Amino acid sequence: MNDKREITGWMMYDWANSAFSTTVVTALLGPYLQALAEAASEPFRLFGTAIEPGAIYPAAVSLSVVLQVFFLPLLGTIADYTHLKKRMLLAFAYTGAFATILLFFVRADMPLFGTRGAVVVGSLLFIIANLAFGAAIVFYNSFLPQITSPDRRDAVSSRGWALGYLGGGLLLLLNLILLLLMEDTALAVRISMASAGVWWLVFTFLYPRRRLVQRAPGHSHGEVNLLTHGVKQVWHTLGELWRTYPMTLRYLIAYLIYNDGIQTVIVVAAAFAADELGVPAQTILLLVLMIQFMAFGGALLFGKLAERIGAKRAIMLSLVIWSAIVIYAYLFLNNQVQLFVMGAVLALVLGGSQALSRSLFSQMIPAEHEAEYFGFYEISERGTSWLGTFAFALAVQLTGSQRIAIVSLI
């Protein structure tokens with residue numbers, strides 16, 4: 001434990017995959033798909049009902065996470081039982097990265113598909129990438145209890161999250177420069193999204209692949225069907241949570257609810273700013289960039305705060321601030337200056353609330369079942385909200401207003 005080389009390799013995966021969260025999920029894909037849908041010659045329909053352009057991307061996020069609900073705990077049990085945890089992390093990371101790179105080809109009047117088809121292809125590629133992102137995070141998080149001692153987990157988790165914001169922010173800065181320099185904004189957006197996939201691929205290859213150590217499971221291997229074993233083990237663990245780890249179960253339920261609210265703010269923020277305040281894409285990127293670099297400091301600040309008052313109290317403090325942010329956005333947010341002020345406050349609690357939630361959970365799960373338990377945890381981890389985005393998409397569909405829809409998050 002506490003091997004600095006392995007800890008650095010682990011933390012650098014946050015640096016690698018955060019480019020997808022920042023550039024694709026938060027900043028660019030939502031507004032881009034909405035603009036494509038609005039440019040289509042006919043409205044999208046599902047079972048005869050017209051679909052609002054602003055509801056398509058949140059619906060794609062929700063669908064990707066519904067799939068994760070079924071697959072992630074199962075994948076976690078297989079990883080714990082076998083020697084495949086590191087290989088599964090790399091396989092899903094590479095899959096997500098390649099799907100993200102292919103977003104470059106999603107454009108208006110796309111060959112063979114047209115503009116309407118491009119929206120569908122873009123949504124499908126995102127669903128694949130986000131599903132792979134969530135699966136890789138399960139295996140990534142499950143390494144935390146194995147690479148560092150309990151007294152160091154808050155600090156290591158916070159530093160990993162901070163590195164993620166720094167790496168995601170650096171690529172976002174390069175993409176912002178590209179958007180400012182290129183006259184063809186749509187092409188610049190497509191290049192920027194593809195660059196996130198390249199970043200994810202390259203840094204995963206350079207660090208986690210070389211430095212993470214795959215440890216043997218603590219139980220013997222017999223001839224067993226992994227799928228059958230996985231399904232049985234998921235049911236066993238659900239019963240174990242209920243009987244043996246009731247506090248862990250209560251924490252998972254609480255985390256599912258409060259983190260869904262956080263994730264939905266992250267997912268819909270760019271589309272909300274563009275639709276309700278008329279903020280251009282370049283300004284949205286500048287806002288997200290500011291949040292990224294401030295969140296780097298915020299994650300480290302909350303890591304220090306947890307040393308003083310404990311992770312639980314630090315998380316609760318962050319949730320009070322999150323609630324105030326959402327209420328402020330509904331009641332008072334009317335211009336870009338207010339948007340940047342709100343973004344600065346959001347940045348301070350963004351990394352801390354998530355990094356400490358992860359390290360606190362790692363203290364509440366049994367050894368040798370880390371990937372399985374983090375499979376349940378990841379169902380509502382960052383960038384993979386489903387209840388919140390579904391509620392937001394439904395509210396937009398019913399009201400046509402994203403400002404009214406944000407009430408669903410309070």
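Since this is a predicted model, take the numbers as computed values, not measurements.
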* To do: Heavy atoms only: give me the nearest Glu52-Val396 pair and the separation to one decimal.
  => CG-O, 4.3 Å
* Should the pair Tyr13 and Tyr140 be assigned to parallel (<30°), tilted (30 to 60°) or perpendicular (>60°) ring geometry? -> tilted
* To do: Identify the heavy atoms of Leu172 and Leu289 that sit nearest to each other, and give their distance.
  => CD2-N, 3.4 Å
* Residue list, side chain to side chain contact (heavy atoms under 4.5 Å, CB included) with Ala97, at least two apart or on another chain -> Trp200, Leu201
* Any donor-acceptor pair under 3.5 Å from Thr248 side chain to Met364 backbone -> yes
* Can a salt bridge be assigned to the pair Arg152 and Asp3 using a cut-off of 4.0 Å between side-chain N and carboxylate O? -> no
* Could you list all the ring pair (Phe, Tyr, Trp, His ring centres under 6.0 Å) pairs where at least one residue sits in residues 311-348, not counting sequence neighbours? => Tyr328-Phe332
* Are the side chain of Ser62 and the backbone of Pro58 linked by a donor-acceptor contact shorter than 3.5 Å? -> yes
* Asked: When you measure from the side chain of Gln214 to the backbone N and O of Lys86, does any donor-acceptor pair fall under 3.5 Å?
  -> yes
* Asked: For atom OH of Tyr251, is the number of surrounding heavy atoms from other residues, nucleotides or ligands below 6.0 Å larger than 12?
  -> yes
* Structure fact -> Closest non-hydrogen atoms of Val119 and Leu33, given as atom of the first, atom of the second and distance, are O-CD2, 4.1 Å
* Check: Ser157 main-chain N/O paired with Arg358 side-chain donor or acceptor under 3.5 Å -> yes
* Asked: Is Arg153 reaching over with its side chain to a backbone N or O of Ser362, donor-acceptor style, under 3.5 angstrom?
  -> yes
* Asked: Ring centres of Tyr57 and Phe126 under 6.0 Å apart?
  -> yes
* Asked: Is the backbone of Ala19 close enough, under 3.5 Å, to the side chain of Thr22 for a donor and an acceptor to pair up by distance?
  -> no
* Only one of Tyr165, Tyr207, Phe203 clears side-chain contact (heavy atoms from CB on, under 4.5 Å) with Trp15; which? -> Phe203
* **Exercise: do Ser353 and Tyr258 side chains pair donor with acceptor under 3.5 Å** => no
* To do: For the pair Phe92 and Val138, evaluate side chain to side chain contact (heavy atoms under 4.5 Å, CB included) and give the outcome as yes or no after the intermediate values.
  => CA-CA 10 Å; Phe92 280 101; Val138 169; over 6 Å; no
* To do: May I ask you to decide if Val213's main-chain N or O and Glu6's side chain share a donor-acceptor pair within less than 3.5 Å?
  => yes
* **Heavy atoms from other residues, nucleotides or ligands near CZ of Arg159 exceed 12 (cutoff 6.0 Å)** => no
* Asked: Is a donor on one side and an acceptor on the other found under 3.5 Å between the side chain of Thr23 and the backbone of Phe20?
  -> no
* Hey, is the main chain of Tyr245 close enough, under 3.5 Å, to the side chain of Glu240 for a donor-acceptor pair? -> no
* Take Asp154 and Lys312, measure what salt bridge (charged side-chain N to carboxylate O under 4.0 Å, His left out) needs, and give me the verdict at the end. => CA-CA 11 Å; Asp154 288 341; Lys312 177 184 173 181; over 6 Å; no
* Derivation of the side chain to side chain contact (heavy atoms under 4.5 Å, CB included) call for Leu333 and Met342 -> CA-CA 8 Å; Leu333 185 58; Met342 187 186 76; 4.0 Å; yes
* Specify the closest pair of heavy atoms between Leu74 and Thr77, including all atoms of both residues, with the distance to one decimal. => O-OG1, 2.6 Å
* To do: Classify the side-chain pair Tyr255/Asp260 by whether it contains a donor and acceptor separated by less than 3.5 Å.
  => no
* Structure fact -> Distance col, row Leu319:CG vs Ile257:CD1, nearest 0.5 angstrom, shows 11.5 Å
* Which heavy atom of Ser359 sits nearest a heavy atom of Leu144, and at what distance? -> CA-CD2, 4.3 Å
* Above 12 or not: heavy atoms from other molecules or residues under 6.0 Å from CE of Met182? -> yes
* **Any donor-acceptor N/O pair, Lys85 side chain to Asp80 backbone, under 3.5 Å** => no
* Rounded distance [0.5 Å steps], CE in Met11 versus OG in Ser158 -> 11.0 Å
* Asked: For the residue pair Phe361 and Tyr377, does the interplanar ring angle fall in the parallel (under 30°), tilted (30 to 60°) or perpendicular (over 60°) class?
  -> parallel
* Residues Asn175 and Ser195: side-chain donor-acceptor under 3.5 angstrom -> yes
* Asked: So which heavy atom on Met290 is nearest to which on Gly343, and how close?
  -> CE-C, 3.7 Å
